[in-house]
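As structure tokens, the structure follows; a few thoughts come after it.
These figures come from a predicted structure and were not determined experimentally.
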Amino acid sequence: MTLYRFMSLNILTDGLYNYGDSRFHLRAEAINEMIRATKPDVIGVQELTDAMKPYLFDILKKYQLCGESRGSLFNDEYSAVLFRNDRFRLLDSDTYWLSKTPGRKSKHLLSQFPRITTYVHLYDEENQKDFTFFNTHLDHNLKPVRNAQAEILSSLIKEHAEGEFIAVTGDFNAPISALPPVLLEENHLKDTVDPAIGSTLRGKIGSLIQKNLPIDHILISEHMNLNSLEKLDSKYAGYYPSDHFPLLAVVSD
């Protein structure tokens with residue numbers, strides 16, 4: 001049995017919320033401490049910007065970062081994948097836009113920002129196995145836009161998945177039940193996140209809007225086993241890492 005520790009982390013952009021305890025230079029050590037404590041193998045991180053990278057120096061010494069930024073003029077963010085460079089070897093990686101032209105920088109007409117997915121095809125040097133890991137962040141405003149992006153994501157997963165299994169992390173900005181079923185069904189995926197864990201947002205208003213359901217998810221191939229799922233709702237180094245609660249799934253084959 002091979003164990004994998006997968007994390008989904010909406011890191012909270014430094015562009016819009018740079019005040020009080022939300023300031024990234026204060027939260028950075030919380031993020032570093034959380035990673036040291038939980039030791040994820042692969043991390044899907046949303047809302048990362050170039051300005052935040054220097055604060056994550058310790059993490060980036062141990063994890064390789066893959067992915068392009070979304071190419072927005074304002075608040076240019078990554079939906080990047082980070083993986084342990086002492087365990088995995090990169091076989092392939094790319095970033096696609098969740099639009100009618102996924103291969104070039106673009107956006108859905110009604111989406112406020114371009115939305116993207118980054119994937120990595122990894123070889124596990126410890127266990128001689130390979131798998132594909134996707135990370136994404138869907139539109140936060142309009143359900144039809146979000147659904148269209150989810151369907152494009154589904155097609156991209158089907159097109160680029162390689163290896164023994166698939167994992168998908170992301171801030172979907174919706175409970176999985178509110179997204180098109182094609183995402184799970186066509187790719188033979190299941191959600192590791194039980195609605196009973198409650199909201200993955202720290203804010204009361206956002207949680208109320210989402211009916212206290214999780215909007216962050218870690219999806220895995222149906223044949224994989226879920227050993228544990230944890231919502232990381234504690235402070236680290238005196239601060240919450242983000243306005244979302246990170247998720248950590250331990251899965252096995």
Side-chain angles (χ1 to χ4, degrees), residues 2 4-11 13 35 39-50 52-54 56-57 59-72 76-99 101-107 113-138 149-150 152-172 183 186-189 216-221 224 246-249 251 253:
T2 304
Y4 296 97
R5 300 172 66 84
F6 294 149
M7 176 177 284
S8 185
L9 169 61
N10 184 317
I11 205 167
T13 178
I35 299 301
K39 298 179 174 60
D41 293 307
V42 189
I43 309 168
V45 60
Q46 307 94 40
E47 298 197 15
L48 177 68
T49 68
D50 284 323
M52 299 161 82
K53 291 179 184 178
L56 304 175
F57 178 74
I59 294 174
L60 296 178
K61 286 191 298 185
K62 299 176 181 178
Y63 292 81
Q64 182 172 333
L65 186 150
C66 291
E68 294 183 52
S69 66
R70 64 191 183 187
S72 55
D76 191 23
E77 298 173 358
Y78 293 75
S79 291
V81 178
L82 290 82
F83 62 87
R84 278 176 47 194
N85 52 31
D86 65 342
R87 177 172 179 179
F88 302 106
R89 173 161 50 91
L90 182 65
L91 300 177
D92 190 24
S93 176
D94 212 340
T95 297
Y96 287 94
W97 279 257
L98 301 179
S99 71
T101 53
R104 63 179 177 86
K105 294 184 178 182
S106 53
K107 72 181 186 73
F113 297 108
R115 296 295 186 176
I116 57 179
T117 185
T118 294
Y119 81 86
V120 292
H121 180 199
L122 298 177
Y123 182 73
D124 180 0
E125 301 275 15
E126 290 182 3
N127 299 285
Q128 292 77 53
K129 298 177 181 180
D130 66 313
F131 62 94
T132 310
F133 188 104
F134 295 80
N135 180 49
T136 196
H137 190 179
L138 302 187
Q149 292 168 344
I152 296 166
L153 173 63
S154 177
S155 297
L156 290 167
I157 292 171
K158 190 176 351 180
E159 180 179 355
H160 296 284
E162 300 278 354
E164 299 195 19
F165 68 91
I166 307 165
V168 185
T169 57
D171 174 0
F172 289 80
L183 178 61
E186 289 203 354
N187 296 290
H188 306 289
L189 296 169
D216 300 271
H217 303 279
I218 301 176
L219 315 178
I220 58 174
S221 292
M224 296 293 285
L247 299 173
L248 180 68
V251 306
D253 55 10

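- Distance check: Arg115 CZ to Leu98 CG gives 9.5 Å after rounding to the nearest 0.5 Å.
- To the nearest 0.5 Å, atom CG of residue Asp86 and atom NZ of residue Lys62 are 9.0 Å apart.
- Using a 4.5 Å heavy-atom threshold, the side chains of Leu65 and Ile59 count as separate.
- The two residues Ile152 and Trp97 make their nearest non-hydrogen contact at CG2-O, 4.4 Å.
- In the model, Asp216 has no side-chain atom that pairs as donor or acceptor with a side-chain atom of Ser8 under 3.5 Å.
- For the residue pair Ser72 and Arg70, a side-chain donor N or O sits within less than 3.5 Å of a side-chain acceptor on the partner.
- Side-chain polar atoms of Ser154 and Asn187 form a donor-acceptor pair below 3.5 angstrom.
- Using a 4.5 Å heavy-atom threshold, the side chains of Thr169 and Met7 count as separate.
- Here the NE2 atom belonging to His217 is positioned 13.0 Å from the CG atom belonging to Leu189, to the nearest 0.5 angstrom.
- Remark: the backbone N or O of Tyr119 is paired with a side-chain donor or acceptor of Ser93 at under 3.5 angstrom.
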Trace of the side chain to side chain contact (heavy atoms under 4.5 Å, CB included) decision for Arg89 with Leu122: CA-CA 6 Å; Arg89 173 161 50 91; Leu122 298 177; over 6 Å; no
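- In this structure, Gln128 and Glu125 approach most closely via the heavy-atom pair NE2-O, 2.7 Å.
- Note that CD1 of Ile116 and OG of Ser69 are 7.0 Å apart. Values are rounded to the nearest 0.5 Å.
- Here the closest non-hydrogen pair linking His137 and Glu77 is ND1-OE1, 4.4 Å.
- Counting heavy atoms from C-beta on, the side chains of Leu183 and Leu219 come closer than 4.5 Å.
- Side-chain N or O atoms of Asp41 include none that pairs as donor or acceptor with a backbone N or O of Phe6 at under 3.5 Å.
- A pairwise comparison of heavy atoms in Leu9 and Pro246 identifies CD1-CG, 3.7 Å as the closest pair.
- Not a single donor-acceptor pair under 3.5 Å links the side chain of Ser221 to the backbone N or O of Ala167.
- When each of Tyr63, Phe131, Tyr123 is checked for a ring-ring contact (aromatic ring centres under 6.0 Å, His included) with Phe88, only Phe131 meets the rule.
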Check against side chain to side chain contact (heavy atoms under 4.5 Å, CB included), Val42 and Arg84: CA-CA 7 Å; Val42 189; Arg84 278 176 47 194; over 6 Å; no
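- One finds the CG atom of Leu247 at 5.0 Å from the CD1 atom of Ile218 (value rounded to the nearest 0.5 Å).
- Considering every non-hydrogen atom in both Ile11 and Leu48, the closest pair reads CG2-N, 3.7 Å.
- Remark: the Tyr4 side chain and the Lys129 side chain contain no N/O donor-acceptor pair separated by less than 3.5 Å.
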Verdict with reasoning, His160 to Tyr96, per ring-ring contact (aromatic ring centres under 6.0 Å, His included): CA-CA 11 Å; His160 296 284; Tyr96 287 94; 4.7 Å; yes
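- Of all heavy-atom pairs between Leu90 and Cys66, the closest is CD2-SG, 3.8 Å.
- Using a 4.5 Å cut-off on side-chain heavy atoms (C-beta onward), Gln64 and Phe83 make contact.
- Remark: Lys53 NZ is packed, more than 12 non-hydrogen atoms of other residues, nucleotides or ligands lying under 6.0 Å away.
- Here the side chain of Asn85 pairs no donor or acceptor atom with the backbone of Leu60 at under 3.5 angstrom.
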Stepwise side chain to side chain contact (heavy atoms under 4.5 Å, CB included) test for His121 and Asp94: CA-CA 9 Å; His121 180 199; Asp94 212 340; over 6 Å; no
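- Summarising the geometry, atom CE belonging to Met224 is positioned 11.0 Å from atom CD1 belonging to Ile166; distances are rounded to the nearest 0.5 Å.
- Counting only distance, with no hydrogens or angles, the side chain of Asn135 and the backbone of Thr118 share no donor-acceptor pair below 3.5 Å.
- Looking only at side-chain heavy atoms (C-beta outward), Phe134 and Val81 stay at 4.5 Å or farther from each other.
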